[in-house]
Structures are given as structure tokens and as C-alpha cells.
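Only a predicted model underlies this, so the values are computations on that prediction, with no experimental measurement involved. Excluded from the calculations below are hydrogen atoms, water molecules and symmetry mates; all remaining heavy atoms, backbone and side chain alike, are included.
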Amino acid sequence: MNNIMKIFSILATLLLLAITLHAQDVKLELSSEIRIEDSKVLTGHLHSNSSGHYVGFLERPSLFSFGNSVYLTKYDRKFKEVFSKEYQVADRNVFSLGMQYFKGKLIWIQYKRDNRNDELIYYAVPIDLNGKAGKAKPIAKFKYKNSRDLPDVTWKVNQDTSRLLFIAEMDRNRSREDYSAYFAVIDTDLNKVWDNKVKFPESERQVEATSFELGVKDQLYFAAKIFDTNASSGLFRKSFARMAEYNVNIVKVTGEGYDKYELDLKNRFIKGIKIVRNPFGNDIACAAMIGDSRSGPIQGVSYLKLDSETGEVLYAKKRNFTRKELESFGTRNTSRDRRSGDEGLDDEFIFRDVIYKKDGSYTMLAEEYRVEVRTSTTANGVSNTSTSFRNNHIITANFDADGEVESIRMIPKKYSASKSGTPFANDALEEKTHYMFFSTLNSGDNIYYLYNDDEKNFSRNITNPNRYKTVTNFRECVAVIAHIDENGKLKRKELF
């Protein structure tokens, strides 16, 4: 593999460790090539301090290993390896749920299936910044009898790394039982600040919960689609249904109970929703992409801002894309809705994130993403599976602190990768798809986008998405950093 491309395959996680952002001036330091053993999978950057950088890896599953070990590698400020330690899980009934930085240490979450007592036990293992693992501490325990009883578990560390949020949506087998979920907020000593098991009057089939975020006083906020009937998820609905048969609620949970705030979407369909706390203030943004039918195009955005202490709605707004914005997306990225006839952004664009800036303004991000899997059988009965990835343009919707749109722009990029063979023949595809995604860096004053691009797109300054060259050979790429300036103009710069 080309050395530069090898660097950029981990640039999304390591570049932020050595970057200084001053408004329009971007100053970069790049490490030398860092080789990753074939037996490891990069999981990401965990933490940086004055002594160096901490990076996580997983053991790659194989025929001889069940892949439950995790690795912690520390590099100094010049990206020289200081240590690399393996943390093994010897018991086949213990499973890793990942590692994150947690206020002066790292935290590794595991769970164990105790088949003798029909229990699931979740643990937090502290690891100090010298790599020494402490004693595992139980943080939750649930009864279970078989795989249908396994909860959907989400855990995250809040923005100032002082709280760990643990969520277990109970027994998510899509049954007609009431929806219930266990929530716990845990401090840096791994003690519970509060926990609560919440039950909704609606069934499991009727509730889809997503995007969990902590407020400034340890309140939990999340978004929930609540369907009118038990035929949830839209699986039994026509793609051109005339109205959304669900309500979207913002749910606030504390140790004492919960409250719901229903969004007024006027029967629009949610195409993606995200709740994010402002790291520079006390407010929380809830942003969504909306459309006129379930599988039709995206017509615009909906967004509201909450006071994260009180839950008070500061404002709630909706906005459709303008004709000029749709034209800038390119004809190949827009289509007409079968029900309303209105034009919009293709439904293949996935809502990725909401990012705040210091002045209270924020940016919504979406990215075009499609996966196609095809299976065929030869005359000799041999089955062959082909998988293709399309990972294309970025849409940025930029809002001021009062929720007014400043600009909606497309950052062009276009990737394609595919592979054929057995499900185990993943190495070639994995090598390609490492380079297909983008990463963001937030200076507080601006948001920078890092991605690979075909050198001809960059050298010829092509920005028209209809004329953009698809990257299929990653040896011909250049690494690019881009941002939207104060006038809404796209600015790009080659990194190397």
C-alpha cells in the first residue's frame, strides 16, 4: 500500500492530535507512517495530553481467535510508540463493548453472560494512563434466558468526560410488551449518580429511541419515534404513505421520572434526527432532516433548541431547501417525491452529525451513503456474494445562534469500492473503505472537513457534483482539508 495512503487511513483519528487551527490558517504536523499489524483493527483515537496520544485497537476475529481482546497503544508527541498493551478476555462468555477516555483514565465496558444464574452482568474496567488495568466494577445486571432477551446497550461519556451514560433498552425483540429501558448516570469513581427504569405505555414495536445526550445537570435527553400501532418501523407501510403514522418526541429522563415534548412536524417524515448539547453553553440542539414520504427525497430540515437545565424550548423551526440550493446539489443527487411532486435531496443521504461553534451557531451534516449486496449461484452450485459501497458528497447546513440558516452547501466527494467472494474475503474491501469516509475538526470558530479526493478533481478545481470524478483507485488520491468560509463559500486545500 502507498505510504501516504497508509497515513491517511488513520488520519481521521490521529490528525486532530497534531493540528493547530487559527481561523483561516491551518497548520499541520503529520506523523511518519504507522504500521498496523494484520491481527489488529484500528478503533480510534482515545485521548491526548502533553505526554502523548492514546489509540485503541481490537483483535481481528479469526478461525483461531474469538476476537475479544483490546489493545491500548500510547505514542509520544512525535508519534513514537511509548507502549502497547493487550487486555485479554479469556472467558468466552465475556464480551467487550469498547473503550473510551473518562476523566483522567480510560474505561473499558464489558458484559458477561452468566448462564448458571440466567443473568447478564455489565462491568466497567478502569485503566490508568500508564496502561494499568484496575478491578472490574459491576454497573448493571439483568435477567435473561436466551438471545431474544438481550437488551440493546448504548454507553457514552459526556462532553466534559465527568459522567458515563449507560442505556439498556430491555428485551428488544419487537414484541407487544410495553417499551422499557434502564438508564444510569455514573460518576468518575464508577458510582451511580442516578438510575431509573422507565416504562412507556406504548409497546416495544411502537417505540424507536435514538440520540442520547446528557444535559448540564445530569438530565438525559433522547429522541423517540412513537408509532400509532404495533406495525412500527414503517416495515408494513407503503413507501408513498400520505402521512407519517408516528409522533416524534424529545424525552427528558431523571432519577425521578420522565417527560415528553412532542415535535410538531405536520405529518412530515423524519429522515434522521440528532440531539447534541452545546459544549460552549447550556443549550441542546435537536435537528432533523424531513421529507414528504417515507422513502422519498429529503425536502428540508427541522430544528429546535432547548435549555438543557430546564428543558424549555427556546425555538422550533422548519425550512425546505430552496431552488438554488437544490440546483447546487446537482441533478444526479436530487429527485421528485412520488406523493407531493416536490423536488428534494436523494434519500440516500444519511444524517451524520450536529456540530456547535463557540458563538452558539451550529452545522448539520449529511453524507450520501449506499451499500448494495448481490448474491448469485453458479451452475456448479457455488454461491458468490458481491458488495459495493458508494460514499459520496457531504451536505452542510449552517445555522446562526438564533436558528436562522446562513448557508446550505455541498462539499463534493465521490467514492466507489466493491468486492466479490466469500464473506471472509474482506481484506481488500476493508483496505479501500478505510479511505472513503470523512472526518471533522472543530476549531470553535470553524469546522474543517478532511477526506481523500481524486487528484484531478482537486487540480482542476472541479466543484460541480455532476462532473465529479469517482475515486476508485486510492493510490491516485490527495488528502484534502476543506471548510465553508464566512460568506458561505467552499475553500479547499491539499494536505499532501
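Under the 3.5 Å distance criterion, with hydrogens and angles disregarded, no donor-acceptor pair is assigned to the side chains of Gln219 and Thr254. Side-chain contact check for Asn392 and Tyr415: no donor-acceptor pair (N or O, by modelled atom type) lies under 3.5 Å. Side-chain contact check for Arg390 and Ser416: at least one donor-acceptor pair (N or O, by modelled atom type) lies under 3.5 Å. Defined by atom type and a distance below 3.5 Å, a donor-acceptor pair is present between the side-chain atoms of Asn158 and Asp160. Side-chain atoms of Asp400 and Ser361 form no donor-acceptor pair, as typed in the model, at a separation below 3.5 Å.
Side-chain atoms of Tyr303 come within 3.5 Å of backbone atoms of Gly403 as a donor-acceptor pair (strictly under, hydrogens ignored). Looking only at distances, no side-chain donor or acceptor of Arg492 sits under 3.5 Å from a matching main-chain atom of Ala482. Between the side chain of Gln206 and the main chain of Ser203, a donor-acceptor pair closer than 3.5 Å is present. In this structure, Asp402 contributes its side chain and Glu404 its backbone to no donor-acceptor pair below 3.5 Å.
The structure places CG of Asn452 at 12.0 Å from CG of Asn457, a figure rounded to the nearest 0.5 Å. Taking CD1 of Ile186 as the reference point, atom CG of Leu165 lies at 8.5 Å (rounded to 0.5 Å). Taking CZ of Arg460 as the start and CZ of Arg467 as the end, the distance is 9.0 Å to the nearest 0.5 Å. Taking CD1 of Ile290 as the start and CZ of Phe351 as the end, the distance is 11.5 Å to the nearest 0.5 Å. Rounding to the nearest 0.5 Å gives a distance of 5.5 Å between NZ of Lys357 and CG of Asn398.
With salt bridges taken as basic N to acidic carboxylate O contacts below 4.0 Å, one links Arg268 and Asp292. Taking the charged nitrogens against the carboxylate oxygens, Asp347 and Lys271 do have a contact shorter than 4.0 Å, which makes a salt bridge. Contact check on Glu204 versus Lys199 returns no salt bridge, with no Lys/Arg side-chain nitrogen under 4.0 Å from an Asp/Glu carboxylate oxygen. Residues Lys217 and Glu309 are paired through a salt bridge, judged by an N-O separation under 4.0 Å between the basic side chain and the carboxylate. A salt bridge between Glu262 and Lys260 is absent, with no side-chain N of the basic residue lying under 4.0 Å from a carboxylate O of the acidic one. At a threshold of 4.0 Å, the pair Glu325-Arg319 counts as salt-bridged, since one of the basic side-chain nitrogens sits closer than that to a carboxylate oxygen. The pair Lys305-Asp283 meets the salt-bridge criterion, since a charged nitrogen lies less than 4.0 angstrom from a carboxylate oxygen. Ion pairing between Asp453 and Lys413 fails under the 4.0 Å rule for side-chain N and carboxylate O.
In this structure, the side chains of Val198 and Ser180 stay at 4.5 Å or more apart for every pair of heavy atoms. Under the 4.5 Å side-chain criterion, counting only non-hydrogen atoms from C-beta, Leu220 is not in contact with Val185. For the pair Ile284/Ile275, a side-chain contact is recorded, criterion being any heavy-atom separation below 4.5 Å from C-beta on. With a 4.5 Å cut-off on side-chain heavy atoms, Val70 and Ser96 count as touching. Residues Asn461 and Thr463 are in side-chain contact: their nearest non-hydrogen atoms beyond the backbone lie under 4.5 Å apart. At least one side-chain heavy atom of Tyr356 sits under 4.5 Å from a side-chain heavy atom of Pro279. Annotation: side chain of Pro412 is in contact with side chain of Leu490 (closest heavy-atom distance under 4.5 Å). With contacts defined as side-chain heavy-atom distances shorter than 4.5 Å, the pair His483/Lys489 does not qualify.
In this structure, Lys141 forms no cation-pi arrangement with Tyr111, as its terminal cationic atom is not both closer than 6.0 Å to the ring centre and no more than 45° off the ring axis. For the pair Arg352 and Tyr369, the distance from NZ or CZ to the six-membered ring centre is under 6.0 Å and the angle to the ring normal is within 45 degrees. Cation-pi geometry between Lys317 and Tyr315 is satisfied (NZ or CZ under 6.0 Å from the ring centre, within 45° of the ring normal).
Screening Trp155, Phe222, Tyr221 for a ring pair (Phe, Tyr, Trp, His ring centres under 6.0 Å) with Phe183, the sole residue that qualifies is Phe222.
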message: Please evaluate residues Glu213 and Lys156 with respect to the criterion salt bridge (charged side-chain N to carboxylate O under 4.0 Å, His left out), reporting the C-alpha separation (whole Å), side-chain torsions for both, the decisive distance (0.1 Å), and the verdict.
response: CA-CA 9 Å; Glu213 186 70 291; Lys156 62 183 292 187; 3.3 Å; yes
- request: Carefully, step by step, assess Arg277 and Asn282 under the rule side-chain hydrogen bond (donor to acceptor under 3.5 Å, both in side chains).
  value: CA-CA 7 Å; Arg277 177 183 160 191; Asn282 290 334; 5.4 Å; no
- request: Give the intermediate values and the outcome of side chain to side chain contact (heavy atoms under 4.5 Å, CB included) for residues Leu441 and Leu450.
  value: CA-CA 8 Å; Leu441 297 171; Leu450 297 96; 3.4 Å; yes
- request: Would you sort out whether Leu365 and Val354 count as a side chain to side chain contact (heavy atoms under 4.5 Å, CB included), showing the intermediate values?
  value: CA-CA 6 Å; Leu365 301 179; Val354 176; over 6 Å; no
Audit row: Asp259, Lys252, salt bridge (charged side-chain N to carboxylate O under 4.0 Å, His left out) steps and yes/no: CA-CA 5 Å; Asp259 295 303; Lys252 174 185 174 183; 5.4 Å; no
task: Take Thr161 and Tyr101 through the side chain to side chain contact (heavy atoms under 4.5 Å, CB included) test and state the conclusion after the steps.
output: CA-CA 7 Å; Thr161 72; Tyr101 176 75; 3.9 Å; yes
task: Please assess Glu343 against Thr334 for the test side-chain hydrogen bond (donor to acceptor under 3.5 Å, both in side chains), listing each intermediate value before the final yes or no.
output: CA-CA 7 Å; Glu343 190 175 3; Thr334 59; 3.0 Å; yes
message: Between Glu169 and Tyr179, does the side-chain hydrogen bond (donor to acceptor under 3.5 Å, both in side chains) criterion hold? Intermediate values first, please.
response: CA-CA 8 Å; Glu169 296 180 86; Tyr179 171 87; 2.8 Å; yes
field: Verdict with reasoning, Arg163 to Asp218, per salt bridge (charged side-chain N to carboxylate O under 4.0 Å, His left out)
entry: CA-CA 8 Å; Arg163 294 288 187 266; Asp218 297 327; 3.3 Å; yes
query: Could you walk me through whether Val253 and Val251 pass the side chain to side chain contact (heavy atoms under 4.5 Å, CB included) check?
result: CA-CA 6 Å; Val253 185; Val251 185; 4.0 Å; yes
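Ring orientation note: the planes of Phe438 and Tyr449 are tilted relative to one another, at an angle of 30° to 60°. By the 30° and 60° cut-offs, the orientation of the rings of Phe269 relative to Tyr246 is perpendicular.
Summarising the local packing, NZ of Lys456 is surrounded by 12 or fewer heavy atoms from other residues, nucleotides or ligands at distances under 6.0 Å. Annotation: Lys197, atom NZ; neighbour count of heavy atoms from other residues, nucleotides and ligands within 6.0 Å does not exceed 12.
Closest non-hydrogen pair, Met364 versus Ala287, comes out as SD-CB, 3.6 Å. Across Tyr182 and Ala140, no two heavy atoms sit closer than the pair CE2-CB, 4.0 Å. The minimum heavy-atom distance linking Pro151 with Phe142 is given by the pair CG-CD1, 4.3 Å.
Judged as a side chain to side chain contact (heavy atoms under 4.5 Å, CB included), and not counting sequence neighbours, the contacts of Asp346 are Ser335, Phe349.
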